[in-house]
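Step one of this worksheet: look at the structure below.
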Amino acid sequence: MYRINIIGSGLAGLSAAITLAENSVACNLISLQNSERAQSVLAEGGINGALNTMGEDDNTENHFNDTMKGGVYLSDPNAVDGLTKNAPQIIRWLESLGVPFNTSGGEIILRNFGGQKKKRTAYARSSTGKIIMSAVIDEARKYEACGLIKRYCHHEFVKLLIENNVCVGALIRDRYSGKFAEFKGTVILACGGMNGIFPGMTTGTTQNSGDAACTVFAQGVEFGNLEMLQYHPTTIGISGKRCLVTEAARGEGGRLYIERNGDKWYFMEEKYPELKNLMPRDVVAREMFFVRRQPECGNTVYLDMTGLSESTWKNKLSDLREEIIHYLSTDPKTDPIPIKEGIHYFMGGINTNECHQTNVQNLYAAGECTCQYHGANRLGGNSMLGALYGGRKAALTILNISKKDDKFIDKSPDFKVLHEPFAEEASPIVIQKISEALLLGLGIVRNQKNLDYSLKKLCDVEKNNNLNLREKNRIFLAKAMIISALGRKESRGAHYREDYPNRDESFQKTSAVRFNNGEIDLKYRDIPERRISANENQA
Amino acid sequence: MKIKLDILRLENSESEPYRQCVVFETDDENATVATALTEINNKGNYKDENGKTVAPIHWECSCLQKKCGACAMVINNKPQLACNARLKLYEKKGIVTVEPLKKFPVIADLAADRSIIFENLKTMKIWLESQTKVDECVSESVYDASRCLQCGCCLEVCPNFYVGSDFFGMSGTVSASKIISSAGGEQKKEIAAAYKKHSYNGCGKSLACRDVCPAGIDVERLLVNSNAAAVWGRKIGKKNKKA
Ligand SMILES: Cc1cc2nc3c(=O)[nH]c(=O)nc-3n(C[C@H](O)[C@H](O)[C@H](O)COP(=O)(O)OP(=O)(O)OC[C@H]3O[C@@H](n4cnc5c(N)ncnc54)[C@H](O)[C@@H]3O)c2cc1C
Ligand code: SF4
Ligand code: SF4
Ligand code: FES
């Protein structure tokens, strides 16, 4: 057995690496940049787990139900069962690694987050991802020092090495020296969301270019629910990207309004008296879109946080306030701020089973690059959890099926100059064209006409440009997104079709796309039944 | 807004450096050096002030919102994050210099190899040996230390840090302070010794590093606390009494 190759060192990759190391299995941890630069450090609001520390009688079954409902029943219930049952223990693990969560009387306190009726989100002020990453990176460093984890920072995943539908390794390029090496053995993809498909339009990092996803799609790896894009309701435009205003702003009491005939209309509170401003993100984003369209309303939705207490600003949202003042020159403590929807999360991604195996043998995937756990809409606070749990689950699957007597081969990969043509990057101009074509169809509100037009535009880009391999692969994945959105003739979660505004139970299936001999095949896969009495603490 | 970027270019670690001046124009009032570098590279056929096409400029970035430390470089002679360096500040002068961090080996153009920062953390054993729960009274300083971007700006200005030195500079000190606050048992002694060797002994306490830290970490407080605990063996965590 070779070292396990983990592509990506955000929360999912780190979690997989640590789990393997805890079980004395060695891995290579490969990423474009150091973990400190991964998107996971950007997470602000928190991580979910039914710790039940707030006297609200919460339990993991509630967490399960909210997650399934939030994802409009497109998630694998057995996977979500494992996720939610293990969540409290994962947060306790983080606490034991030295994460300074906000506490009261020594006990972790939880905040409200969208789509959840109980307080269930643990946090470290409003930099939760950064603070968690700092501790998890330290834990990984312990195993780096003893050689179990071997880091390859500034290294790019180029492609999978596949023989007879078995993954036998990955081709890796050192971005500093420009040399290539074959990394033999099992691969776990933990390469994050596909932000780079929509440059400048997402809240995430530029590092997650989407190239890894496009390549493995073109290599035959199955993707699921690609039509499910999460628009976060509260983002602000800053130079070069959308900047997130965390959902914690609403969790702590922030309110959305629009001006209607000169008055403030708190539309979410009027339309959804139970969860109000904390409805799942798909609902909030869509309502914002619709109220802006009403002739008696203004063009801008505002987030009003002026009612938050001094202590909330100081102890829970200090970083957020500083950020808003920095970027908008407005103090959210005294003035409402204008906000807009922005692309925030990719529910769709590599299709895995609940053990995180893909359709290619010896290839696993975890974290935001997969479509596991979040169905048609992800709940805030569930994705760091999904990355940590998913990385661990993938590692445990590998540990379970690997043979104990397998001899360990620790051979350092040999970096060489590549003597064949290699496309170093997709041209920013082509990337922009593809993004623009996609956005014609994949807005918050969709219909057949726009999606058809979007597909036509993608074909034009393909025809009219002399594309390199990366660009071609990008077109394939882009087309698969549109084909998935065209196929789902219903409205569910983040996918709202004005020509099919209702949910259709016959579509309660995963839309699964594969690239096959130059064609994109779309199939619908049944969602498994939940097993009765699933065990506590499976992973 | 119109501004000239005076960029220090280097094709690779073996080639000769040269300067290239590029005039950048934008309507974006909040545009930063990162915006300029992105747009110059994206356009593909940007011309410098002599009409020469600007070859792609190498630099590292990731979050574009000053949270990941990737884009640290020397701008207007000060180490800072390109995504936080607003061009407006230099509009009056009309020109801004953009150079790589110089304490580290340069890979190409504005990308420097900062691996040493991470190697040093390994040498200092920045991790917790046994599971611990952070005490509420140190939670605030652990939080502050956890915010370190490992960007290297502090090392760039530090008079005592160089690659290969036994002194690891403020990024090491800040990270160590986290462990000093939380570690128990044998590890307490071990981290104190490492701290003395790699932080305390080399540090002149001039605090030049404090003024450049883009995360605004209260390095002075962490330094004072860690010195007290690791060097003088005092207990930390009690609220800092203001002198
Ligand atoms: C602004 C913001 C706020 C958020 N807030 C929250 C929150 O409050 N709660 C929550 O639960 N979630 C939140 N999220 C979502 C959450 O942060 C991410 O979904 C999660 O961290 C993803 O982790 P990951 O490990 O899958 O991927 P990432 O952390 O994105 O890591 C991806 C890794 O893959 C590597 N990589 C990518 N491509 C390649 C390649 N070609 N070759 C080699 N390596 C490659 C990268 O270098 C990186 O190391 C937020 C996201 C954003 C953007
Ligand atoms: S106080 Fe001075 S010597 Fe010490 S780390 Fe900072 S800059 Fe370097
Ligand atoms: S202490 Fe500040 S300047 Fe130094 S590496 Fe950390 S964030 Fe950067
Ligand atoms: S790109 Fe992350 S700090 Fe500038």
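Quick caveat, the model's predicted, so the values are computed rather than measured. Chain letters run A, B, ... following the sequence lines, proteins first and then strands; every chain starts at 1.
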Practice problem: Would you mind checking which part of B/I179 comes under 4.5 Å of any heavy atom in chain A, side chain (CB onward), backbone (N, CA, C, O), both or neither? | Solution: side chain
Practice problem: Salt-bridge test for A/E44 and B/K67: reply yes if a basic N is under 4.0 Å from a carboxylate O, no otherwise. | Solution: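 Result for this pair is yes, salt bridge flagged.
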Self-check item: Criterion side chain to side chain contact (heavy atoms under 4.5 Å, CB included) on B/F118 and A/R151, from CA distance to verdict
Solution: CA-CA 11 Å; B/F118 305 95; A/R151 277 209 184 246; over 6 Å; no
With chain B, which of [options] has the greatest number of heavy-atom pairs at distances under 4.5 Å?
options	answer
A/G240, A/A135, A/A124	A/A124
A/R175, A/E95, A/Q207, A/H154	A/E95
A/G105, A/G200, A/S427, A/A38	A/G105

Measuring heavy-atom distances to chain B, does [X] have an atom under 4.5 Å in its side chain, in its backbone, in both, or in neither?
X	value
A/E322	side chain
A/N195	neither
A/Q39	neither
A/S177	neither
A/D319	side chain
A/S104	backbone

Is it true that a side-chain atom of [X] and a backbone atom of [Y] form a donor plus acceptor pair closer than 3.5 Å?
X	Y	answer
A/K241	B/C63	yes
B/E136	A/G106	yes
A/Q33	B/C61	yes
B/R147	A/S127	no
B/K43	A/I429	no

With a 6.0 Å cut-off (strictly less than), is the heavy-atom count around [atom1] of [X], excluding the residue itself, greater than 12?
X	atom1	value
B/E11	CD	no
A/K314	NZ	no
A/K340	NZ	no
B/N45	CG	yes
B/K189	NZ	no
A/E424	CD	no
B/K66	NZ	yes

So, taking the atom named [atom1] in [X] and the one named [atom2] in [Y], what distance separates them when rounded to the nearest 0.5 Å?
X	Y	atom1	atom2	result
A/N102	B/Y143	CG	OH	8.0 Å
B/L64	A/T205	CG	OG1	8.5 Å
B/S146	A/I132	OG	CD1	10.5 Å
B/H58	A/Y176	NE2	OH	11.5 Å
A/L32	B/S62	CG	OG	9.0 Å
A/R125	B/S139	CZ	OG	7.0 Å

Quiz prompt | Distance-only side-chain donor-acceptor flag, B/K178 / A/S134, under 3.5 Å | solution = yes
Exercise. Return yes if a side-chain donor-acceptor contact under 3.5 Å exists between B/N84 and A/H326, otherwise no.
Key: yes
Quiz item: Should A/I238 and B/Q65 count as side-chain neighbours, where that means a heavy-atom distance under 4.5 Å?
Solution: yes
Practice problem: Using a 4.5 Å cut-off on heavy atoms from C-beta on, say whether the side chain of A/V99 contacts that of B/V134. | Solution: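 A side-chain contact under 4.5 Å is absent here.
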With chain A, which of [options] has the greatest number of heavy-atom pairs at distances under 4.5 Å?
options	result
B/T32, B/T132, B/L128, B/T35	B/T132
B/E129, B/Q150, B/K122	B/K122
B/N42, B/T26, B/V142, B/N12	B/N42

Self-check item: Shortest non-hydrogen contact between B/A31 and A/S239, atoms and distance
Solution: CA-OG, 3.6 Å
Practice problem: Pull out the residues in residues 136-145 of chain A that come under 4.5 Å of chain B, heavy atom to heavy atom, sorted by number. | Solution: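 Within residues 136-145 of chain A, the residues under 4.5 Å from chain B are A/D138, A/E139, A/R141, A/K142, A/E144, A/A145.
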Quiz item: Does B/N30 have any side-chain contact (heavy atoms from CB on, under 4.5 Å) partners at least two apart in sequence or in another chain, and if so, which?
Solution: B/D28, B/R86, B/K88
